[in-house]
Number of protein chains: 2
Amino acid sequence: MDFSIGELARRTKVKVPTIRYYEQIGLLLPPPRTEGQQRRYDKNAIARLAFIKHARELGFDIEAIRALLSLQDNPDQSCSVADRIAKARLAEVEERIVSLNALRAELRRMVEECASGRVAECRVIETLADSSHGHGRLAET
Amino acid sequence: MDFSIGELARRTKVKVPTIRYYEQIGLLLPPPRTEGQQRRYDKNAIARLAFIKHARELGFDIEAIRALLSLQDNPDQSCSVADRIAKARLAEVEERIVSLNALRAELRRMVEECASGRVAECRVIETLADSSHGHGRLAET
DNA sequence: CTTGAACCTCTAGTCACTATAGAGAATACG
DNA sequence: CGTATTCTCTATAGTGACTAGAGGTTCAAG
Ligand SMILES: [Zn+2]
Ligand SMILES: [Zn+2]
Ligand SMILES: [Zn+2]
Ligand SMILES: [Zn+2]
């Protein structure tokens with residue numbers, strides 16, 4: 001009925017050190033231990049960790065997830081906070097898509113216009129050297 | 001004709017500590033110093049830093065920029081390496097756009113379907129708790 | 001010559017993990 | 001029961017690309 005951290009890792013596809021990290025920063029409650037100090041989890045832990053994992057996949061940061069978890073733990077509250085967090089994340093994603101589309105356009109122009117010759121006439125290098133236009137902030141990845 | 005690090009920062013809109021950091025990791029050559037050990041730059045430094053800045057805005061990582069700079073310094077070579085780097089970045093951006101579009105769709109569904117009531121019936125929380133579907137890797141931002 | 005903004009180096013912190021080391025615990029097999 | 005293998009433990013350091021701060025020095029304007 002209860003199982004080790006490695007088993008939890010296998011079932012959730014979250015790595016063992018990551019699980020310990022989540023415990024350390026307070027996203028997961030410290031589970032009971034065996035006499036030899038090894039952690040033992042139950043299925044509630046699976047659900048909570050799956051929640052965290054899904055939230056991370058959607059790009060919520062740890063503080064947002066902390067807030068979302070504490071809402072989940074108090075189901076009688078208004079969900080307006082959760083909605084606000086999700087909307088904020090949506091706005092971030094949309095902004096990011098806009099800026100990545102601009103990057104894509106510029107990168108495409110660079111690679112398409114290059115005649116694959118010497119560096120001296122390479123469009124890639126030329127475009128980079130041309131600082132005459134502006135981007136918003138730095139591209140994150 | 002030559003100027004301080006603060007002036008270079010103002011002209012390129014790159015922060016002073018970032019300039020020193022670029023020098024430390026070898027993207028910028030150590031400039032001459034005054035008797036009191038303060039850095040003095042000329043307009044070549046502006047061009048090089050603008051190049052780096054533009055490349056960062058397009059999301060190239062430091063190692064890619066290092067390679068691109070060294071190509072720029074040797075203009076008689078073939079530019080195929082530069083083109084390969086740019087194409088790789090383009091591919092990353094395109095992949096990222098695809099995955100962000102998926103995130104956007106899911107986040108939109110979450111916020112649209114929420115009846116703005118109690119947490120117990122909040123679509124945002126429910127969706128996060130539902131681990132039945134998979135995402136690629138974690139969303140980077 | 002005085003003032004104060006700008007500069008210097010060095011260290012540590014950010015985020016969300018990931019990796020390693022060295023040691024102890026649990027399990028499978030003979 | 002012994003031992004080999006696998007697992008787990010803590011603690012620390014590293015990642016990328018900066019950013020912030022402490023504590024001290026230099027430069028340029030007035
Ligand atoms: Zn999902
Ligand atoms: Zn080219
Ligand atoms: Zn550009
Ligand atoms: Zn809701």
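Each chain gets a letter, A, B and so on, in the order its sequence line appears, and its residues count up from 1.
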Interatomic distance where [atom1] belongs to [X] and [atom2] belongs to [N] [whole Å]:
{"X": "A:F60", "N": "C:dC17", "atom1": "CZ", "atom2": "P", "answer": "14 Å"}
{"X": "A:L27", "N": "C:dC15", "atom1": "CG", "atom2": "C1'", "answer": "13 Å"}
{"X": "A:R56", "N": "C:dC15", "atom1": "CZ", "atom2": "P", "answer": "12 Å"}
{"X": "B:E23", "N": "C:dC10", "atom1": "CD", "atom2": "P", "answer": "12 Å"}
{"X": "A:Y41", "N": "D:dC7", "atom1": "OH", "atom2": "P", "answer": "16 Å"}
{"X": "A:I5", "N": "C:dA25", "atom1": "CD1", "atom2": "C1'", "answer": "14 Å"}
{"X": "A:Q24", "N": "D:dA11", "atom1": "CD", "atom2": "C1'", "answer": "10 Å"}

Could you tell me whether the phosphate oxygens of [N], OP1 or OP2, come under 4.0 Å of any side-chain nitrogen or oxygen in [X]?
{"X": "A:T34", "N": "C:dA25", "result": "no"}
{"X": "B:T18", "N": "D:dC18", "result": "no"}
{"X": "A:Y22", "N": "C:dA16", "result": "no"}
{"X": "A:S4", "N": "D:dT8", "result": "yes"}
{"X": "A:K15", "N": "C:dC17", "result": "no"}
{"X": "A:Y21", "N": "C:dC15", "result": "no"}
{"X": "A:R39", "N": "D:dT8", "result": "no"}

Closest nucleotide among C:dT18, D:dT19, C:dG24 to the A:P17 side chain: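 Looking only at side-chain atoms, A:P17 lies closest to C:dT18.
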
Which nucleotide in D:dT8, C:dA16, D:dC9 has an atom nearest any side-chain atom of A:R20: D:dC9

DNA chain D: 5'-proximal contact among A:R33 and B:E35 (nearest heavy atom):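 The answer here is A:R33.
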
Lys NZ or Arg CZ of B:R11 over B:F3 ring: under 6.0 Å, within 45°: yes

Plane angle bin for B:H133 and A:H54 - parallel if under 30°, tilted between 30 and 60°, otherwise perpendicular: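 A:H54 and B:H133: perpendicular rings.
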
Any donor-acceptor pair under 3.5 Å from B:D61 side chain to B:A64 backbone: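 Such a contact is found between B:D61 side chain and B:A64 backbone.
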
